[in-house]
Amino acid sequence: QVQPVESGGGLVQAGGSLRLSCVGPSGAGAMAWFRQAPGKEREFVAAFRWNGGRTYYADSVKGRFSVSKDKAISAIYLQMNGLTPEDTAVYYCAAGNPIISTITTMRGYRTWGQGTQVTVSS
């Protein structure tokens, strides 16, 4: 299976912005971003369903992060504004065909990217 490919991570100061990109396999019903901080479990960040066009966000990022997309190349982007040190993590892009009840869970996605590091300094 074709894995999603992420890019755009880096080091930024608190309050700054970053934009992550993910090019996924064509045909996925949804694509999502998850993140994993050191010593913590991987957690949901945001997801986008191609069928219907709905976007989902974790409460911790609502109002700061936003998802955009380019259907022509099966890409989604995560614009991250107002970054804090708590946003420091490896960010993973995932693709799959989740049902509504699993769209914010890891088990909803069958393919994962290698991850991109986001580090926010205080």
Side-chain angles (χ1 to χ4, degrees):
Q1 292 179 336
V2 176
Q3 284 184 302
V5 178
E6 309 99 335
S7 61
L11 173 65
V12 64
Q13 288 188 334
S17 299
L18 280 175
R19 185 176 185 247
L20 304 183
S21 301
C22 174
V23 179
S26 61
M31 293 174 66
W33 291 97
F34 288 76
R35 66 186 181 186
Q36 187 165 17
K40 295 187 177 181
E41 294 186 351
R42 195 170 297 189
E43 65 176 5
F44 170 75
V45 176
F48 176 75
R49 286 184 69 210
W50 292 110
N51 184 10
R54 183 174 173 180
T55 308
Y56 303 77
Y57 295 99
D59 288 343
S60 60
V61 306
K62 279 181 183 176
R64 300 188 300 124
F65 292 11
S66 63
V67 171
S68 58
K69 58 280 182 186
D70 185 340
K71 189 170 184 179
I73 58 171
S74 298
I76 63 169
Y77 308 93
L78 185 67
Q79 178 66 43
M80 305 185 294
N81 299 326
L83 286 162
T84 73
E86 288 68 38
D87 295 313
T88 295
V90 177
Y91 283 69
Y92 296 90
C93 181
N97 291 287
I99 57 176
I100 295 299
S101 62
T102 64
I103 200 164
T104 62
T105 69
M106 290 179 58
R107 63 190 177 95
Y109 300 89
R110 67 178 186 273
T111 58
W112 292 79
Q114 295 298 310
T116 185
Q117 177 70 46
V118 171
T119 303
V120 185
S121 63
S122 57

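In what follows, residues are counted from 1 in the order of the sequence shown.
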Distance-only polar pair, side chains of Gln117 and Thr119, donor-acceptor under 3.5 Å: yes
Worked check of side chain to side chain contact (heavy atoms under 4.5 Å, CB included) between Ser17 and Gln79: CA-CA 7 Å; Ser17 299; Gln79 178 66 43; 3.9 Å; yes
Side-chain touch Arg42/Met106, heavy atoms, less than 4.5 angstrom: yes
Heavy atoms of other groups near Arg110 CZ, more than 12 under 6.0 Å: yes
Minimum side-chain heavy-atom gap Trp33-Cys22 below 4.5 Å: yes
pair Pro25-Thr111: side-chain heavy atoms closer than 4.5 Å: yes
Separation of Gln114 CD from Ser7 OG (nearest 0.5 Å): 13.5 Å
Arg107 side chain vs Ile103 backbone, donor-acceptor pair below 3.5 Å: no
Residue of the set Tyr92, Tyr91, Trp112 for which side-chain contact (heavy atoms from CB on, under 4.5 Å) holds with Glu6: Tyr92
Same apolar cluster (I L V M F W Y, side chains within < 4.5 Å links), Phe48/Phe65: yes
Heavy-atom check, side chain of Val12 versus side chain of Met80, under 4.5 Å: no
Shortest non-hydrogen separation from Ser66 to Tyr57 and the atoms involved: CA-OH, 3.2 Å
Side-chain (Ser74) to main-chain (Val23) donor-acceptor, under 3.5 angstrom: no
Note, Ile100 side chain near Tyr56 side chain (heavy atom, < 4.5 Å): yes
Backbone N/O of Gly82 and side chain of Arg64: donor-acceptor pair under 3.5 Å: yes
Flag, side chain of Asn97 to backbone of Gly29, donor-acceptor distance under 3.5 Å: yes
Thr102 side chain reached by Tyr109 side chain, heavy atoms, under 4.5 Å: no
Distance-minimising heavy-atom pair for Gly115 and Val90: CA-CG1, 3.8 Å
Minimum-distance pair of heavy atoms, taken over all atoms of Val120 and Thr88: N-OG1, 2.9 Å
For Trp50 against Ile76, the heavy-atom pair lying closest together: CZ2-CG2, 3.9 Å
Check: Leu20 and Thr116 side chains under 4.5 Å, non-hydrogen atoms: yes
Over all atoms of both residues, closest heavy-atom pair of Thr104 and Phe34: O-CE2, 4.0 Å
Met31 and Val67, any side-chain heavy atoms less than 4.5 Å apart: no
Any residue meeting salt bridge (charged side-chain N to carboxylate O under 4.0 Å, His left out) with Glu43, in chain and number order, not counting sequence neighbours: Arg35
